[in-house]
Amino acid sequence: MKIVMKFGGTSVTGRENVQRVASLITSNVKLGHKVVAVISALDGVTEKLLEAAELAEKRNRDFIKPFKQEILERHLNLASESLEITSVRKEVHEMITETVDELEKVLTGIIYVGELTPRSKDYILSFGERLSAPIIYGAVKCLGFEAKYLTGADAGIVTDSNFGEASPLMNVTEHQIKARLLPLLEKNVIPIVTGFIAATQEGVITTLGRGGSDYTATIIGASIEADEVWIWTDVDGLMTADPKIVPKAKTIPEISFEEALEMAVFGAKAMHPRALEPIMDKQTTVKIKNIFNPTAPGTMLVREMRIKPGTTVKAVTLLRDAGVITLSGASMIGTPGTAAKVFDVLGKNGINVLMISQGASEANISIAIRRRVLDRAVNALEMALLGRGLIREITAEDDVCIISAVGAGMKNTPGIASRIFTAVARKGINVRMIAQGSSELNISFVVKEADAKAAVQAIHDEFRLDEV
Ligand code: ADP
Ligand code: ASP
Ligand code: MG
């Protein structure tokens, strides 16, 4: 089989985990499989790079030295601990040192110009994966296997220049990945590829959006027509809820692409929301598995939706950093095209709408979006719509989150919404806004952040998701 294995940041920390990752790769090669490995940045490193980029933009010079030292030491130490063959350790140490020197130069450059463009931000964010993947490359070599370290761009991933959330240009990408990776696999060389990062046709570094290493794995999987893509993480698969919120949450053995997509969009971090796109029309099987429990079956994603009789809600998810904008004005009543105007403004400003609801009185419309774009959205709407007679007031809330109940079995089953909202009301939680996806695969609602955990637990209990 051809298998693409992706290892998340939560899996690549500490010597034991590095060796665990290397042995999961090589044991499958020993079984006769052709394996491509995709590696994320070490846990927390992408976040640190983001902070560094922002400090550099503020022209803060003092942080560079300690920051450089910290990031250099963390990666060199992990390499020293994990790589037992001297020549390999030396090679990886050199790769790390050179890369950190480059990072220092880039940050210094930002300090001089005092400007952080989306393009330079992606360049800075790329260093996390460029520092972690060489360590896994070394660990695989230490086990006596031939390996090659490649960045996403080296592997052949070409994207548009939508920095921060770039999309692959699949035709060239497929062609290049085939040409570059298949010959390696033929020669039994294991490609170790950086997740999350790629480049434009001109070679400018881009990123695929936070959590994008999952996406890298499926882009490569689709291109080489892999039999399977395995997303290795720190939990047993996609679960009925985030186990950090609901400790008794259960692993979902099988879930459809559509349901998994809804879960990912509404906060289940275990998979990137766009990761299923590239393999939609392929035969590739996707599995989510736990590196700490590798023999467990994990979750299998299937293309066709099979609904087990009696199942309704399958999982409940939480999207934390949301914001809500409410537009109100009596003249909106019966005026066609108001909603269209609102979405036109948001669309032109590149703001993605997560949820919409309009009161039956039509006197207000509420829209949920990501919190980080809230200010920008409010400004744009105020400039475009206020004072034109239609909308009287625009208000924003930045302390809310979105809870979703997901499951294909909810379709055509009456009474689900009432059970959800009764369970939530019993806990004394106020629901700010409600929407049902037209796919009827999810019912989503907005609550204050402080109520989020209790609301997730209430739904999990109501549908006894730990017993299914
Ligand atoms: P990785 O570093 O492997 O990419 P992530 O942090 O991106 O890991 O995703 C895994 C985490 O997603 C888990 O540790 C878990 O806390 C969280 N998570 C949230 N919702 C779910 C869910 N429904 N099922 C499984 N994991 C979830
Ligand atoms: N390192 C990147 C992030 O933190 C990509 C990933 O983890 O998948 O977003
Ligand atoms: Mg992730």
Side-chain angles (χ1 to χ4, degrees), residues 6-25 37-56 60-111 120-143 147 149-152 192-197 205 207 210-213 216 232-234 269 291-292:
K6 174 260 173 175
F7 296 91
T10 46
S11 321
V12 213
T13 43
R15 166 174 176 267
E16 259 176 51
N17 288 351
V18 167
Q19 289 176 347
R20 197 171 268 139
V21 167
S23 93
L24 284 169
I25 297 169
V38 173
I39 312 296
S40 290
L42 304 191
D43 204 19
V45 167
T46 308
E47 214 51 48
K48 282 253 153 67
L49 289 166
L50 200 56
E51 285 166 22
E54 281 159 8
L55 285 173
N60 176 337
R61 269 163 213 277
D62 303 332
F63 85 94
I64 284 207
K65 256 214 168 105
F67 173 73
K68 176 188 174 184
Q69 206 51 31
E70 185 193 333
I71 207 149
L72 185 65
E73 272 171 22
R74 181 164 175 198
H75 290 89
L76 287 181
N77 289 345
L78 185 59
S80 301
E81 287 166 18
S82 316
L83 311 175
E84 277 154 13
I85 298 176
T86 315
S87 60
V88 175
R89 190 167 57 230
K90 190 161 168 273
E91 182 190 356
V92 172
H93 271 193
E94 275 167 16
M95 291 162 87
I96 291 172
T97 310
E98 264 174 35
T99 308
V100 173
D101 282 343
E102 184 186 333
L103 171 61
E104 183 187 19
K105 288 195 188 110
V106 181
L107 287 170
T108 309
I110 304 282
I111 287 176
S120 46
K121 195 163 160 183
D122 271 7
Y123 186 15
I124 293 173
L125 289 188
S126 75
F127 284 90
E129 274 69 13
R130 290 166 61 200
L131 288 165
S132 62
I135 301 176
I136 302 298
Y137 154 81
V140 166
K141 274 180 85 167
C142 284
L143 293 176
Y149 161 73
L150 303 115
T151 63
I192 311 286
V193 186
T194 60
F196 180 51
I197 62 176
I205 293 182
T207 67
R210 293 305 304 276
S213 298
T216 305
W232 289 99
T233 183
D234 62 343
K269 265 175 74 192
I291 69 154
F292 303 107

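Side-chain atoms are counted along with the backbone in the values below, which use heavy atoms only and exclude waters and symmetry mates. The residues of the chain are indexed from 1 along the displayed sequence.
With hydrogens and angles ignored, the 3.5 Å screen pairs no side-chain donor or acceptor of Thr207 with any backbone N or O of Asp122. Listed for the Glu129 side chain is no donor-acceptor partner under 3.5 Å among the backbone atoms of Ser40.
By the 4.5 Å heavy-atom criterion applied to side chains, His75 and Leu42 are counted as neighbours. No side-chain heavy atom of Ile135 sits under 4.5 Å from any side-chain heavy atom of Val12. Contact check for Lys68 versus Asp101: side-chain heavy atoms found under the 4.5 Å cut-off. Residues Leu49 and Leu103 form a side-chain contact, since some pair of their non-hydrogen atoms from C-beta on lies under 4.5 Å apart. Using a 4.5 Å heavy-atom cutoff, the side chains of Lys6 and Thr233 are not in contact. Side-chain contact between Ile110 and Ser120 is present, with at least one heavy-atom pair separated by less than 4.5 Å. Here the side chains of Glu104 and Phe67 are not in contact, with every heavy-atom distance at 4.5 Å or above. Proximity of Ile205 to Leu125: side-chain heavy atoms (C-beta onward) are nowhere separated by under 4.5 Å.
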- Checking side-chain contact (heavy atoms from CB on, under 4.5 Å) for the pair Phe196/Val38: CA distance, chi angles, key distance, verdict? CA-CA 9 Å; Phe196 180 51; Val38 173; over 6 Å; no
- Message: Applying side-chain contact (heavy atoms from CB on, under 4.5 Å) to Glu81 and Glu16, what does each step give before you reach the verdict?
- Response: CA-CA 9 Å; Glu81 287 166 18; Glu16 259 176 51; over 6 Å; no
- Task: Report the C-alpha separation of Thr216 and Ile197 in whole Å, then their side-chain angles, then the decisive distance to 0.1 Å, and conclude whether the side-chain contact (heavy atoms from CB on, under 4.5 Å) test is met.
- Result: CA-CA 8 Å; Thr216 305; Ile197 62 176; over 6 Å; no
- Check the pair Arg130, Glu98 against salt bridge (Lys or Arg N to Asp or Glu O under 4.0 Å), reporting the backbone distance first and the verdict last. CA-CA 11 Å; Arg130 290 166 61 200; Glu98 264 174 35; over 6 Å; no
- Query: Going through the checks in order, is the side-chain contact (heavy atoms from CB on, under 4.5 Å) test met by Leu50 and Lys121?
  - Reply: CA-CA 8 Å; Leu50 200 56; Lys121 195 163 160 183; 3.5 Å; yes
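To the nearest 0.5 Å, the span separating OG on Ser11 from CZ on Phe292 amounts to 6.0 Å. Here the straight-line distance linking atom CD1 of Ile111 with atom CG of Leu55 works out to 8.5 Å at 0.5 Å rounding. Atom OG1 of Thr151 and atom CD1 of Ile192 lie 13.5 Å apart (nearest 0.5 Å). Of the inter-residue distances, the one linking Phe127 atom CZ with Glu102 atom CD reads 4.0 Å to the nearest 0.5 angstrom. Separation of atoms CD1 (Ile39) and CD1 (Ile136) is listed at 5.0 Å; rounding is to 0.5 Å. Distance CZ/Phe63 to CG/Leu107: 5.0 Å, rounded to 0.5 Å.
Closest heavy-atom contact between Leu78 and Gly14: CD1-C, 3.4 Å. Contact detail for Val45 and Ile71: the closest heavy-atom pair is CG1-CD1, 4.1 Å. The two residues Asn17 and Thr10 make their nearest non-hydrogen contact at ND2-O, 4.2 Å. In terms of heavy-atom proximity, Ala53 sits nearest to Ile124 at CB-CD1, 3.8 Å. Taking both residues in full, the closest heavy atoms of Ile25 and Ala37 are given as CD1-CB, 3.6 Å, listed atom of the first, atom of the second, then distance. When all heavy atoms are compared, the tightest approach of Ala41 to Thr46 is CB-OG1, 3.6 Å.
Applying side chain to side chain contact (heavy atoms under 4.5 Å, CB included) to His93 and the options Met95, Arg89, Glu91 leaves one that passes, Arg89.
For Arg74 and Glu70, the salt-bridge test fails: no basic side-chain N is under 4.0 Å from an acidic carboxylate O. A salt bridge links Arg15 with Glu84: the closest approach of a Lys/Arg side-chain nitrogen to an acidic carboxylate oxygen falls below 4.0 angstrom.
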